[in-house]
Structures are given as C-alpha cells and as structure tokens.
Amino acid sequence: MESLLVLIGLIVLAIPISIIVLLVGQSRLRKRVEQLEHQLTEMSMGATERAPTTSPMSAAEQELSEEEKEQSKPAPWSAPKTEEMPAAVESEQTDMTAVEAEEEDSGAIVFRGDRIAALGAWLRENWFYAVSALSLALAGIFLVQYGVENGLLPPTARVLAALAFGAALIVAGEVVRRRFGDDEDSATAYLPSVFSGAGLVTLFGGVLSARQLYDLIGPETALFGMVVIALTGLVLGWFHGPLLAAVGLIGAFAAPFMVGGSSNDPSWLYGYFFVIAVLGLGIDTVRRWAWISVLTLVGSYATALLLVLSSPSTEPAYLTFATVLALITIAIPVRRLIPDHSGLMVLETIQRKKGGAWPEFPTRLAFGAVVASSVILSLHWADSSSEFWLGIVLFVALLFALIIWAKDARALKDLVVFPAAGLVWSVFSHGMDGGSVERAFAATYAETAEADYPMVVTILVALGAVITLLAAWRSFMGGRYAVVWAGGAAVFAPVMAIGLEIGWNPAQVIGAYPWALHAIALGAVMVVLAERFARIDGEYRLRTALVTLSALSCLTFACVIVLSSAALTVALVVTVVIAAALDRKFTLPPMSWFIWAGVFSITVRLVLNPGLEWADTAPLLEMTFVYGAAVIGFLIGWWLLRPLTRPVAVLLLESAAWATGGILLSLLLMRWLEGFGEGGAQSSPWGLGLLSVIWLLLAYAQVQRFELGGKLNYARYLLAGFFAAHGVVRLAEALIEQNPLLHLYVDPVLGPPILNTLAVAYLLPALVIGLSAWRIPSMPLRLKQISYIAAGALAAFWLGLAIRHFWQGPEGMYEGNGVTQPELYTYTLTLLVIGAILFYQSLARQSDLMRKAGLVVIGLAVAKVFLIDIAGLGGLIRVFSLLALGLALAGLAWLNRWAKLRHSPQEAEPLDH
C-alpha cells in the first residue's frame with residue numbers, strides 16, 4: 001500500500017512536468033512550421049521583390065515596425081528598462097516639467113487601465129503558465145509535508161528532497177533560458193520563469209518546514225538559509241522577466257501558511273518576511289517594473305498582519321517589522337544608502353492641475369509605506385509598558401530617519417507629518433484609554449507620598465522638544481520649505497504637551513507648578529529659536545514670528561495650569577498686549593493670528609466660561625479688575641497696531657473693546673441695582689434690560705467684523721444671530737413678563753423720575769442699538785434701518801412709561817389705575833414737541849424722510865387731541881390742550897413757509913400776492 005502511494009505521488013509530480021515538456025515541444029514544432037511557411041512565401045514573392053514598385057523601407061523604419069509589432073503583443077508587462085535611472089539631485093527651486101510628467105506617467109503609474117487590460121489579455125491566452133507554476137510550487141511544498149508519510153522517509157530526508165526538487169527546477173529553468181531563450185518571440189517564453197519561480201518557492205518551503213514543521217534547525221540557521229535563497233532569487237531576477245518575481249514573491253509569502261506546523265515563538269517569521277521584501281524590492285530596483293514593488297509591499301504588510309492576528313504575542317516584532325519595512329522601502333528603490341528622492345512631494349499634488357507633474361514612483365512607494373507603518377504604530381494598543389515604549393521608540397526612530405537620514409530627499413519632506421501626528425495620537429490615546437503606563441503614572445503617589453518622581457511625562461515632553469529642535473535644524477538649513485519646518489518646530493512640542501494635559505492630566509499627579517514648569521521650559525526653547533531665527537533672517541521675520549507665537553502659547557499654557565479663573569483671564573489679556581507690542585516693535589504680521597485667538601479666548605471666558613454667572617457672584621473688585629483689564633488691554637493693543645497695516649487685528653480689538661466696555665458698565669450697574677431692589681438679573685425689567693444690552697453688544701461686535709469678509713463670515717453670521725437672539729429674548733421678557741405697565745406684581749421702579757430703572761430697562765437698550773448702528777458704517781443698510789426703528793420704538797416706549805411714572809409714581813404704573821388728566825395732557829405736548837423737532841431737523845437737513853416722520857408724529861398728536869383729549873380732559877386743561885395744538889400747528893405752518901421761501905430757487909413772492 002505504501003509503495004502504491006509513493007507511485008501515485010510520483011505520477012502526480014510528473015503530470016505538470018509532462019505537460020510543460022509537451023508544450024515546449026509543440027511550441028518548437030510550431031516555430032519550425034512558421035519558419036518554413038515564411039521561406040515558401042519569400043520564394044514565391046522573389047520576382048516581385050527584385051522589381052519593387054515602391055521604395056524599400058529604411059533600416060530605421062524596419063526597426064520601428066518591429067517595435068510596433070512587439071508592442072502589439074498582449075503582455076501584462078512592458079519591456080524591461082536597460083538603462084538605470086540617474087541619481088536624483090535635490091533642487092528646492094525647480095519642479096518637473098510637463099514632458100517629464102508625461103514620461104513619468106507612462107512608466108511608473110502601476111494600476112493603469114491599459115496595464116490591467118493587458119494583464120487580462122495575457123492571462124486569457126497564457127493562463128496555463130500560471131497554473132503550471134502554482135502546480136510545481138505546491139508539489140514541492142507537499143513533497144516535504146505530505147510526500148512520504150508513515151515514517152517511510154525521515155524528516156531530514158523529506159527536507160533534503162524538497163531542497164533538491166527546488167534546485168532541480170531552478171537548474172531546469174536556467175537550462176531552458178540559456179538554450180532556448182525567454183523572449184516573447186521565442187517558443188519557450190515564460191517557461192524559465194515558471195521553473196525558477198516554482199523552485200524558489202520550493203526552497204523557501206523546505207527551509208520553513210525544517211524550522212517550523214520538524215524543528216531541525218534553529219531560527220538563525222533558517223534565516224541565513226532564506227537570505228541565501230533570496231540572494232539567489234535576486235540574481236535570477238536580473239535575467240528573467242517579471243513572471244519569475246511574481247511567482248517567487250507570491251509563493252514565498254504564502255509558504256509559511258501552507259507549510260503549517262506550530263512554534264512557541266514565531267517572531268522569527270518577521271525576519272523571513274523582511275528577507276522576502278528585500279528580495280522583491282531588490283529585483284525591482286534593477287528591472288524597474290514598478291508593480292513588483294507594489295506587490296512586495298502589499299504581500300509584506302498583509303502576511304505580517306495575518307501572522308500577528310494568529311499570534312498576538314508577536315506584536316513587538318510586528319511593530320518593528322512595519323517600521324523597518326518603511327525604511328527599506330525608502331532606500332532600496334533609489335539604490336542609495338542616503339535617500340535622495342527628487343521631484344514633487346505627494347502632498348504637492350493636492351492642487352495638481354490636469355496635465356501637471358506627478359511625483360516619481362519611488363516617492364509614491366515610500367509615501368505609501370510610511371503612511372501604512374505610521375497607521376499601524378498609531379492604532380496599536382500597548383498591553384504593557386514595554387510595548388508602549390517600544391512604539392514611542394519606533395516612532396522617534398522613524399522621525400529621526402526622515403528628518404536626518406533623508407535630509408537630502410526633497411520629495412520626502414512631507415512624510416514627516418504622518419509619524420509626527422501618529423506619535424502625538426499614540427501618547428494622547430494611551431492616556432485617554434487608561435493604558436498601562438498612564439495607570440502606573442496616575443497611581444504613583446496612591447500608596448505612599450514619598451514615591452519617586454514619575455519621569456514619564458517629562459521624558460515625553462523632552463522627546464517633543466528634541467523633535468522640535470530637529471525640525472528647527474532643518475529650517476536653519478534653508479531652502480524652499482524652511483518656513484514650513486519652522487512652523488513644525490513651533491507646533492510639535494506644544495501639541496505634545498497639550499495632548500499630555502488632556503489625556504494624562506499630569507497636574508493631578510505631580511502638581512500644577514511642576515507641570516507648568518514643563519510648559520515654561522518649552523517656552524524658553526522657543527525664545528532661543530526666535531533669537532536665532534531673528535539673527536539670520538533680517539527683515540524677513542516670518543520664522544521668528546512663528547516660534548514667538550509658540551513661546552507666547554507655552555506661556556499661556558503655563559498660566560492655564562497654575563492660575564485661578566480671574567488671573568488666567570488677565571494673563572490672556574497680557575499675552576495679547578505682548579503680541580501687539582512685539583508686532584509693533586519687530587514687524588511680525590503673524591502675531592495677528594495670536595491676537596485673533598486671544599480675543600476669542602478672552603471673550604469666551606468673559607461671557608461663557610466662567611462667564612456672566614461668575615461675574616454676578618464674584619467679589620465686585622475682582623470682577624471689575626478682570627473686565628476692566630480686558631477693556632484696557634484691548635485698547636492698548638488697538639493703539640499699538642493702529643500705525644501698522646493690520647486691519648483684522650485692529651478691527652477685532654476695537655470691536656472687542658466696545659463690547660467688553662459695555663458689558664462692564666452693564667455688570668456694574670446690575671450689581672449696584674441689586675443692592676436696592678428685591679429683584680435680580682432674571683426677575684426684574686432692569687435686570688433683563690441689562691442682560692439684553694450685554695448680548696446685543698456681542699452681536700453688534702460680530703456685525704462690525706462682517707467687513708473682514710472671507711469664509712469666517714459664515715461663523716460670524718451664526719454668532720451674531722445667536723447673540724442677537726439672546727438679547728431679543730431678554731428684551732421681550734422685559735417688555736412682556738416684567739413690564740410694570742402690564743403686571744401689577746413686578747419689581748418696583750427704583751429711582752427718581754427720568755433717572756430710574758425704567759431707563760435702565762428700556763432706554764439703555766435703545767441707546768445701545770442706536771449708537772451701534774451709528775458707530776458701524778459698514779453695517780448692511782437693511783440691518784441699520786431695522787436697528788434705528790427698534791431703537792426709536794424702545795425710546796418711545798420708555799418715554800411713555802417715564803411720563804406715567806412722573807405723574808403716578810412707582811405704585812401707579814399698572815394700567816388698571818387709569819390715566820390722569822395731567823398725564824394725558826403731557827402725552828399730547830410730548831408728541832407735539834417731538835414732531836416739531838423732527839420737522840425742524842428735516843428742514844435744516846433737507847431730509848424728506850425726517851419730514852414725513854415729523855408729520856406722522858404731529859398727526860398722532862392731532863388725532864389724540866380730537867379723539868381722546870376732548871373726551872378725557874375737562875376744564876382749563878381741555879382749553880390749554882386745544883390752545884397748545886392750535887399754536888403749535890400755526891407755528892409749524894409758519895416755519896414750513898419760511899423754510900420753503902428761503903431754500904426756493906426762484907424769487908421770493910410777496911406774501912399778499
């Protein structure tokens with residue numbers, strides 16, 4: 001029975017070999033038939049060729065025709081390039097031309113429609129080559145795994161048999177290539193690649209079985225053997241077509257999973273995958289097929305992921321493999337120990353126009369590898385402290401490599417963004433998710449207060465500072481992106497510290513002041529960088545401004561950590577003034593960014609957090625100091641920047657000063673009135689009126705900033721609507737729910753006539769609305785008209801309430817108490833006086849709109865006299881009411897006549913004409 005099984009196994013192995021032999025013979029026979037047919041055709045056309053009717057083709061035309069025929073053949077790969085690509089020389093000032101872009105597009109874009117179509121056509125015609133290679137590779141692997149079971153051959157013999165079978169296949173492939181060729185026009189096309197590729201896979205399978213299945217050799221010996229096999233494949237790849245590389249790569253990546261077996265520590269397989277990756281990239285760096293490199297990376301990342309999923313204990317080796325794979329992907333395709341990628345960066349193609357240049361293929365390959373490895377390191381969950389620090393070290397190594405090692409690679413500068421962002425995210429997420437290192441840090445002083453100082457946050461902040469210094473070093477080197485490097489230096493370390501603050505909350509463990517010292521230390525680093533940049537940049541101070549902004553941000557961050565709520569707000573005001581002063585002294589336009597952020601932060605603190613609630617309960621002197629300091633700081637900053645061309649910052653500071661000043665006065669008045677009445681800010685007309693003033697001031701501050709334009713205007717529209725809605729709601733509550741005219745039991749009116757809480761509740765909002773509309777010349781016309789109408793209506797309502805309060809006092813404000821005759825007569829006189837004033841102003845200013853408004857008011861007075869006063873007044877008051885109306889109308893008629901005569905363009909006519 002065992003002999004029968006051996007015989008069946010040999011027959012199975014012989015079937016694919018026999019098929020290939022028959023194919024070779026048939027191909028050779030077909031080639032000989034084609035040659036005979038060609039000779040017969042030439043003999044029959046001999047006479048015609050000796051007397052041609054057309055001029056013969058030139059040598060160049062014949063060569064071109066042969067090239068066209070070669071290109072017309074269906075094949076998934078273009079002909080290999082024989083010339084090596086020239087070494088890239090970094091150039092910061094020039095980019096690829098359109099012609100270079102077209103050449104790049106035609107040669108290095110891997111997944112193009114024409115290539116995919118060519119691959120499909122080739123597979124349809126030559127699918128049996130792929131099946132043959134797969135069959136031979138499986139035969140070699142099954143030989144070592146299942147070939148002779150039940151102890152017929154010992155494991156050592158099985159492995160040796162597999163190695164011998166693989167070597168025989170490689171030798172067979174070389175014999176066919178040397179004797180019959182491997183070109184597409186030969187009968188043995190692709191066969192050498194089929195044999196040699198299957199042989200390589202078999203050799204890899206034999207070594208893997210010796211280590212993983214039978215434990216015959218150690219991991220070091222296995223790795224050495226696979227390196228030798230990979231070098232053999234690299235040499236073969238120089239001579240064979242891409243089919244060999246594809247078969248060898250796919251088979252080599254699949255071999256560990258096909259061999260099976262188990263191992264207590266399969267981490268050494270990552271070394272195996274690394275060797276295969278070097279093999280694939282090494283072959284492609286010589287032949288320049290491009291897609292072989294893509295296949296190598298996809299296979300490397302995919303198989304490593306499968307391995308770590310099946311063996312989670314190998315995560316450290318997996319992370320190391322991913323990092324090293326990114327590094328070799330940078331170096332091998334350009335064949336340089338020091339990368340020198342030239343051309344465009346990948347991120348520069350975001351705004352690429354149609355027909356524009358593309359980055360070179362090695363650049364795109366490195367971009368994909370670095371992004372993939374950064375994502376792997378970022379998403380990895382550290383189960384232990386050692387894994388967390390391993391991830392940090394790998395991130396730092398990748399950053400160091402890109403900043404220092406790849407400093408001559410102009411096209412790789414944008415890659416620094418991904419490991420930098422991944423490092424910050426890894427630190428932040430470890431703290432937010434309660435990782436092992438963060439838990440140990442938080443529990444430092446849980447058991448004993450005399451525990452050693454935890455260095456983890458200090459080390460992480462120091463790493464951020466080191467990377468910042470390296471980015472600054474790249475900026476000092478100059479070049480086109482020196483400012484970008486300076487920006488990265490200014491941002492990275494503070495962002496790392498902020499990530500620690502949010503995710504780890506170090507102040508609760510080591511204390512607020514020690515943690516604030518970290519921020520101050522970063523600020524000191526930024527000050528040193530600012531001095532160095534200022535020394536070398538001269539008048540162009542953009543880099544100086546960036547690191548100065550970072551220094552101010554670090555100082556602000558330290559203030560946030562240690563200061564109280566009030567002190568923090570004042571500290572923010574001071575930093576805004578310092579930013580304006582630095583801009584005034586050293587001409588640093590980017591300071592406007594910090595001023596914008598500072599004004600926004602201060603406004604949020606004054607209004608929302610801790611906001612108006614804090615202002616209503618805090619000690620009066622402290623509240624006055626905070627809001628007064630904000631007003632003074634905004635005014636100082638506005639004064640400092642007025643001589644400079646800083647329209648955004650100047651307008652922000654001006655509007656903030658107006659709004660904050662109005663808020664301060666409103667709060668002071670509110671706190672003063674709360675000491676007299678029983679009502680408060682939420683339960684009295686004057687309190688609601690003051691709250692409406694605060695929100696309306698904020699709304700008009702946003703309206704004033706509309707003239708800045710830009711996309712931020714949409715946010716300003718929303719903020720203005722939000723603030724105005726709050727103000728209108730408060731004002732409506734004062735006019736309806738807390739109106740002393742409509743409700744009997746409301747907070748009583750405080751103060752003497754005219755100067756009382758009615759003016760605070762209704763006249764003050766009217767003045768704020770009217771003055772804001774007058775003060776902001778850029779306000780939209782329709783909004784300005786609405787504001788004036790609202791201000792006039794509120795003022796008229798206040799005036800009516802003030803007259804009623806004058807005659808009836810605070811107890812008689814309720815409308816159920818009726819109207820006295822003097823009160824009714826006062827309303828009439830007031831309407832006449834207002835109408836007269838409007839009428840006179842219309843004549844003086846020649847305003848037709850004001851004249852109409854005056855006529856409307858006078859008409860209301862007339863209607864009131866004849867419809868209300870005659871019935872409601874009695875005695876001499878009725879007489880005086882009609883007398884006043886008549887005299888007023890007569891005087892207005894004379895005034896109108898006089899004004900017309902004076903301003904008429906014609907001669908004045910006699911009065912008795």
Can you tell me how far apart [atom1] ([X]) and [atom2] ([Y]) are? Round to the nearest 0.5 Å.
X	Y	atom1	atom2	result
T458	L463	OG1	CG	11.0 Å
F594	L552	CZ	CG	4.5 Å
D616	E674	CG	CD	4.5 Å
N756	I754	CG	CD1	7.0 Å
L641	L651	CG	CG	12.0 Å
E531	T544	CD	OG1	9.5 Å

So with a 6.0 Å cut-off around [atom1] of [X], is the heavy-atom count from everything else above 12?
X	atom1	value
L621	CG	no
R775	CZ	yes
E815	CD	yes

Test item: [X] side-chain N/O and [Y] main-chain N/O as donor-acceptor pair under 3.5 Å:
X	Y	answer
R804	L741	no
S692	L731	no
S684	D747	no

> Side chains of R543 and S475: is there a donor and an acceptor less than 3.5 Å apart?
Replying inline: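 The criterion, which ignores hydrogens and geometry beyond distance, is satisfied for S475 and R543.
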> By ring-ring contact (aromatic ring centres under 6.0 Å, His included), which residues pair with H518, not counting sequence neighbours?
Replying inline: W515
What are the two closest non-hydrogen atoms of [X] and [Y], and how far apart are they?
X	Y	answer
L563	A567	CD1-O, 3.6 Å
H743	E737	CD2-O, 3.2 Å
A802	L758	N-CD1, 4.4 Å
K784	P777	NZ-CA, 4.5 Å
Y445	P454	OH-CD, 3.4 Å
V547	M526	O-CB, 3.5 Å

> side chain to side chain contact (heavy atoms under 4.5 Å, CB included) between W504 and M432: does it pass, once the steps are laid out?
Replying inline: CA-CA 7 Å; W504 296 59; M432 290 296 294; over 6 Å; no
[X] vs [Y] side-chain heavy atoms within contact, under 4.5 Å:
X	Y	answer
E733	Q738	no
L799	L763	no
L735	L742	no
I602	V573	yes
H430	V427	no
I498	V424	no
S772	L696	no
W695	L612	yes

> Taking only residues at least two apart or on different chains, which pairs with a member in residues 787-802 satisfy side-chain hydrogen bond (donor to acceptor under 3.5 Å, both in side chains)?
Replying inline: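 Checked against side-chain hydrogen bond (donor to acceptor under 3.5 Å, both in side chains) - neighbours excluded - the pairs reaching residues 787-802 are Y700-S787.
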> Restricting to pairs with a member in residues 570-581, which pass side-chain hydrogen bond (donor to acceptor under 3.5 Å, both in side chains), not counting sequence neighbours?
Replying inline: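 Residue pairs with at least one partner in residues 570-581: there are none.
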>> Between W593 and L546, is the side chain to side chain contact (heavy atoms under 4.5 Å, CB included) condition met? List the steps.
In response: CA-CA 10 Å; W593 306 342; L546 291 174; 3.8 Å; yes
Sorted by first residue and then second, give each ring-ring contact (aromatic ring centres under 6.0 Å, His included) pair with at least one member in [range]; sequence neighbours left out.
range	answer
residues 610-647	none
residues 768-787	none
residues 701-722	F706-Y717, F722-H726

What pairs of donor and acceptor atoms, side-chain ones from residues 657-670 against any protein atom, are under 3.5 angstrom apart with sequence neighbours left out?
residue, atom, partner, partner atom, Å
T660, OG1, A656, O, 2.7
S666, OG, G662, O, 2.8

Just to verify, what does [X] make a side chain to side chain donor-acceptor pair (under 3.5 Å) with, not counting sequence neighbours?
X	result
N817	none
R646	D583
R605	S565, T569
E707	S778

> L542 and L588: side chain to side chain contact (heavy atoms under 4.5 Å, CB included), yes or no, with the steps?
Replying inline: CA-CA 7 Å; L542 182 56; L588 304 174; over 6 Å; no
> Does I520 have any side-chain contact (heavy atoms from CB on, under 4.5 Å) partners at least two apart in sequence or in another chain, and if so, which?
Replying inline: L517, A558
> Going through the checks in order, is the side chain to side chain contact (heavy atoms under 4.5 Å, CB included) test met by L522 and C554?
Replying inline: CA-CA 7 Å; L522 292 180; C554 292; 3.9 Å; yes
